[in-house]
2 protein chains.
Amino acid sequence: MTRTLTQSMQDYVKVIYGLTRSGPASTNDIARKLSVSAASVTSMIKKLHELKLVRHTSYRGVALSHAGTMVALEILRHHRLLELYLNEALGYAWDEVHAEAEKLEHHISEEFEDRIAKVLGDPSYDPHGDPIPTKDGRMPPTVSERLADANINESVVIRRVSSHDASMLRMLTSHGLLLNTTLRVALRDADSGALVVQHGKRRITLDREITENIFIERL
Amino acid sequence: MTRTLTQSMQDYVKVIYGLTRSGPASTNDIARKLSVSAASVTSMIKKLHELKLVRHTSYRGVALSHAGTMVALEILRHHRLLELYLNEALGYAWDEVHAEAEKLEHHISEEFEDRIAKVLGDPSYDPHGDPIPTKDGRMPPTVSERLADANINESVVIRRVSSHDASMLRMLTSHGLLLNTTLRVALRDADSGALVVQHGKRRITLDREITENIFIERL
DNA sequence: GGTGTTTTTTAGATGAATCTAAATTTTTTA
DNA sequence: TAAAAAATTTAGATTCATCTAAAAAACACC
Ligand SMILES: [Mn+2]
Ligand SMILES: [Mn+2]
Ligand SMILES: [Mn+2]
Ligand SMILES: [Mn+2]
């Protein structure tokens, strides 16, 4: 069913899904995410509305319909399965998978999706710890506690890094801060909110922007 | 460099490559292969000419330039590596690989190409026995003797099947006639040109259309 | 070698996705 | 609460790949 949608429509639906975790998405936000003009967004929203993939009232923002949500989840499943496959089967690093998956997600068949899912053992999480929607559109639990909010002296495990910025991911890699790494919060800078964390013998300073994007399980 | 070409341009270049084994390709032939109108071909040829990918004189057919040939070989490399990868790594049958590779060939990165080539051990032939162009644009030898031309009583090995017609490939599979299968030519029907071949204990009749598309090595 | 057939090209239109500039509506703020 | 600012939509244009119909060129055959 996704097959009849153009790549562009798929991209809009995916972005709208990401922007509507809390309330409707604005034209400008969508435009910014997709690097297109606001006028382009308005015109695409009109088309998606006619296809009943979104609900939209002029000047009032846009939200996905149930059908639209299913489309978004399917694309997200493709994306995350691809990321994991590139990582596990082809040896891509976690900072390299996003760009490739971003292109391929629109072009693989259901057959391909099913086969890589099977090879991977029907996984629930991608290389960044993001949940992979199931074939029937259910979303596995998402780890949502931020390292930024951890307490001093608390030991935590990194379970998700919600950034596709390759340089941030490489920085974490260089400090040995991979998924499922255990660390302890040593200090918090009251002004900047930066944290100093203890990882084995190493002490690493992580600024607020980074700790906001690292999600953890408390031990 | 292929990256700046649209998918449509890539498809034209690939088809022109396939049609120019002997002399220039005609507008109509290209149109037929791509299922577009002759007028569309003329207009695309004009664009490809401006990009110096083809040489074209009005009403006189079209041929690839050196640059165009390199583009075609790169796409062909993507296609055939993908076919082999789908077959070997993901368990697709040889009659299923073509359609999937046809879509993906335009969307994989050089990184992806290099990684699957490496996983496959830098292969020279795809699941149909077609040669895979090297990264620098050389073409491994192509088996070109047809089963149709084999002599009675001759033993031969199937080395290439130049058809992407899934039903023909499945028919061959059902008779156990896979790549690298040895068989003996038992009879030739003088009228139709059909062959009866002996494969182990089985005798199989193959009509002319099929034997024209099976390429062999003589033993 | 002229004339009819086939092939190719040109002309002009369409739909998709985009843009800029202008108009309209909503929100903010003084 | 009215004016200014910001967000959104409308209007109209552009680019790409396609189409159909008509014109032009090449070919084929008597
Ligand atoms: Mn799918
Ligand atoms: Mn991810
Ligand atoms: Mn390539
Ligand atoms: Mn092949």
Side-chain angles (χ1 to χ4, degrees), chain A residues 1-16 19-20 22-64 68 71-72 75 102-103 105-107, chain B residues 1-16 19-20 22-64 68 71-72 75 102-103 105-107:
Chain A
M1 44 167 108
T2 300
R3 296 303 91 193
T4 48
L5 300 180
T6 64
Q7 168 162 349
S8 200
M9 288 173 178
Q10 292 180 37
D11 281 329
Y12 277 88
V13 167
K14 194 174 67 153
V15 161
I16 294 168
L19 289 170
T20 45
S22 56
S26 76
T27 299
N28 264 352
D29 285 354
I30 298 167
R32 204 170 311 114
K33 277 273 182 193
L34 287 168
S35 305
V36 297
S37 70
S40 301
V41 174
T42 299
S43 101
M44 181 60 89
I45 283 174
K46 211 168 292 178
K47 287 183 219 159
L48 295 176
H49 187 86
E50 276 157 27
L51 293 171
K52 314 234 202 221
L53 295 172
V54 303
R55 267 168 293 108
H56 178 243
T57 0
S58 241
Y59 294 98
R60 280 284 126 86
V62 69
L64 293 178
V71 168
I75 302 166
E102 194 67 20
K103 281 178 296 172
E105 62 187 6
H106 305 292
H107 304 290
Chain B
M1 40 167 112
T2 302
R3 298 302 93 193
T4 46
L5 300 180
T6 65
Q7 170 165 348
S8 200
M9 288 173 177
Q10 291 181 35
D11 280 330
Y12 277 87
V13 168
K14 195 174 65 153
V15 161
I16 294 168
L19 288 171
T20 45
S22 56
S26 77
T27 300
N28 264 352
D29 285 354
I30 297 167
R32 204 170 310 114
K33 276 274 183 193
L34 287 168
S35 304
V36 298
S37 70
S40 300
V41 174
T42 299
S43 100
M44 181 59 91
I45 283 174
K46 210 168 291 176
K47 287 184 218 158
L48 295 176
H49 187 87
E50 276 157 28
L51 293 171
K52 312 233 202 222
L53 296 172
V54 303
R55 267 169 294 108
H56 177 242
T57 359
S58 242
Y59 294 98
R60 280 284 126 86
V62 67
L64 293 177
V71 169
I75 302 166
E102 194 67 22
K103 281 178 297 173
E105 63 187 6
H106 306 293
H107 304 290

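Order of the sequence lines sets the chain letters (A, B, ...), proteins ahead of strands, with each chain counted from 1.
Across all strands, B:Ser58 comes closer than 4.0 Å only to sugar-phosphate atoms, never to a base (heavy-atom distances).
Here the shortest heavy-atom pairing between A:Ala38 and A:Asn28 reads CB-OD1, 3.8 Å. Here the closest non-hydrogen pair linking A:Val13 and A:Gly68 is CG1-O, 3.5 Å. Contact detail for B:Leu48 and B:Tyr12: the closest heavy-atom pair is CD1-CB, 3.9 Å. Residues A:Met9 and A:Leu5 share a closest heavy-atom pair of SD-CD2, 4.0 Å. Nearest approach of B:Val54 to B:Ile45, heavy atoms of both residues: CG2-O, 3.9 Å. A pairwise comparison of heavy atoms in A:Ile16 and A:Thr20 identifies O-OG1, 2.7 Å as the closest pair.
Across all strands shown, C:dT26 pairs with D:dA5; the Watson-Crick or G-U wobble distances both stay below 3.5 Å.
Contact check, B:Arg60 against D:dC27: a side-chain N or O comes under 4.0 Å of OP1 or OP2.
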Pairs: protein N or O with nucleotides 17-19 of chain D N or O, under 3.5 Å:
{"unit_1": "D:dA17", "atom_1": "OP1", "unit_2": "B:Thr6", "atom_2": "OG1", "d": "2.5"}
{"unit_1": "D:dA17", "atom_1": "OP2", "unit_2": "B:Lys47", "atom_2": "NZ", "d": "2.9"}
{"unit_1": "D:dT18", "atom_1": "OP2", "unit_2": "B:Ser8", "atom_2": "OG", "d": "3.0"}
{"unit_1": "D:dT18", "atom_1": "OP2", "unit_2": "B:Tyr12", "atom_2": "OH", "d": "3.4"}
{"unit_1": "D:dC19", "atom_1": "OP2", "unit_2": "B:Ser37", "atom_2": "N", "d": "2.8"}
{"unit_1": "D:dC19", "atom_1": "OP2", "unit_2": "B:Ser37", "atom_2": "OG", "d": "3.0"}
{"unit_1": "D:dC19", "atom_1": "OP2", "unit_2": "B:Ser40", "atom_2": "OG", "d": "2.5"}

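Close approach of DNA chain C to chain A, defined as any atom under 4.0 Å from a non-hydrogen atom of the protein, starts and stops at C:dA16 to C:dT27.
Note: NE2 (B:His56) to P (D:dA26) measures 11 Å, nearest angstrom. Look at NZ on A:Lys46: it is 11 Å from C1' on D:dT8, rounded to the nearest Å. Atom CD1 in A:Ile45 sits roughly 6 Å away from atom P in D:dT9 (whole-Å rounding).
Under the 30°/60° scheme for interplanar angles, the aromatic rings of A:His56 and A:His49 are found to stand perpendicular.
The distance from the NE2 atom of A:His107 to the CD atom of A:Gln10 is 8.0 Å, given to the nearest 0.5 Å.
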